[in-house]
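Here the structure is laid out as structure tokens; the discussion comes afterwards.
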Amino acid sequence: MLKIGPYSFHSRLLLGTGKFPDFDTQKKAVEASETDILTFAVRRMNIFEPDQPNFLEKIDVKKYTLLPNTAGAKTAEEAVRIAKLAKASGLCDMIKVEVIGCDKTLLPDPVETLRASEMLLAEGFIVLPYTSDDVLLAKRLEELGCHAIMPGASPIGTGLGIVNPLNIHYIIEQAKVPVIVDAGIGVPSDAAKAMELGADGVLLNTAVSGAQDAVKMAQAMKHAVWAGRGGFEAGRIPKKLHANASSPLEGMSVL
Ligand SMILES: CC(=O)[C@@H](O)[C@H](O)COP(=O)(O)O
């Protein structure tokens, strides 16, 4: 089970809902992923205009926990405003803090992310900040009281996978709250790698929504997250610098 604050989830795969070619594909991919948590930008939702088209309209949203995110915010104050809007509209009290500091790399602004997280914790939110893979920033966010830490594997939408596995390892090693690797996942092996490193979950969007067969990729990601977690829990063999025969010859007679 993935536990975030007071909430528990069966699936360790969190899925973003943007950039699907059409609503049917989005629906089928979401179902194929067997995710429990769907994330979306509050700014894209007509939360106070129920008559307007809803970008999740084909999805039975009752089956999922909707995790709003503050995409579009460039300052802590903007992120807090967006989070309050989500809460006021009756959405979950969890918020994924996303304060982007650079339009080119879409990397998160560390100072504003920290400030936003502090302000949202003071307001009683369950706070999940999207952060870079900076080890000490992750520690500071946890010390503030954040309920999960979401380090990026690589920049959003790049599909580059985990560019700094050592940092992700350090973040996981020191964390006492769930670590969810978020952004930059390209293929199922990237998701499996994150889980093998000991991540508690993986959040991805583009790898599925942009795949040639989004539904198949959603299914593959589900299996990858499951397999990676299994590998982590099973405990990998230590890496060795020298060979060690799989069928030892000691004690066997020479033919
Ligand atoms: C921080 C952020 O916005 C990510 O959650 C994004 O939604 C997913 O990133 P990818 O599209 O790279 O998977």
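Note that ligands are numbered from 1 as they come in the structure, with each ligand's atoms numbered from 1 the same way. Start at 1 with the first residue, then count along the sequence. The analysis underlying the following values was restricted to heavy atoms, covering all of them including side chains, and did not include hydrogens, waters or symmetry mates.
- Clustering of Ile, Leu, Val, Met, Phe, Trp and Tyr by side-chain heavy atoms under 4.5 Å joins Leu67 with Leu2, Ile4, Tyr7, Phe9, Leu14, Ile37, Met94, Ile126, Leu128, Met150, Ile180, Leu203.
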Filter the ligand 1-protein atom pairs down to N or O on both sides and distance under 3.5 Å, then list them.
| residue | atom | partner | partner atom | Å |
| --- | --- | --- | --- | --- |
| ligand 1 | 3 (O) | Glu98 | OE1 | 3.2 |
| ligand 1 | 3 (O) | Glu98 | OE2 | 2.9 |
| ligand 1 | 5 (O) | Lys96 | NZ | 2.4 |
| ligand 1 | 5 (O) | Asp182 | OD1 | 2.6 |
| ligand 1 | 5 (O) | Asp182 | OD2 | 3.3 |
| ligand 1 | 11 (O) | Thr206 | N | 2.9 |
| ligand 1 | 11 (O) | Thr206 | OG1 | 2.4 |
| ligand 1 | 12 (O) | Gly157 | N | 2.7 |
| ligand 1 | 12 (O) | Gly184 | N | 2.8 |
| ligand 1 | 13 (O) | Asn205 | N | 2.8 |

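- Residues Lys193 and Asp190 have side chains not in contact (no heavy-atom distance under 4.5 Å, counting atoms from C-beta outward).
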Next item on the list: Check step by step if side chain to side chain contact (heavy atoms under 4.5 Å, CB included) holds for Leu38 and Val30.
Entry: CA-CA 8 Å; Leu38 293 175; Val30 165; 3.8 Å; yes
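- Of all the heavy atoms in Leu15 and Thr35, the pair that sits closest is N-OG1, 3.8 Å.
- Side-chain heavy atoms closer than 4.5 Å link hydrophobic residues (I, L, V, M, F, W, Y) into clusters, and following such links, possibly through other members, connects Val225 to Met217.
- For Lys19 and Thr206, the side-chain atoms include at least one donor-acceptor pair closer than 3.5 Å.
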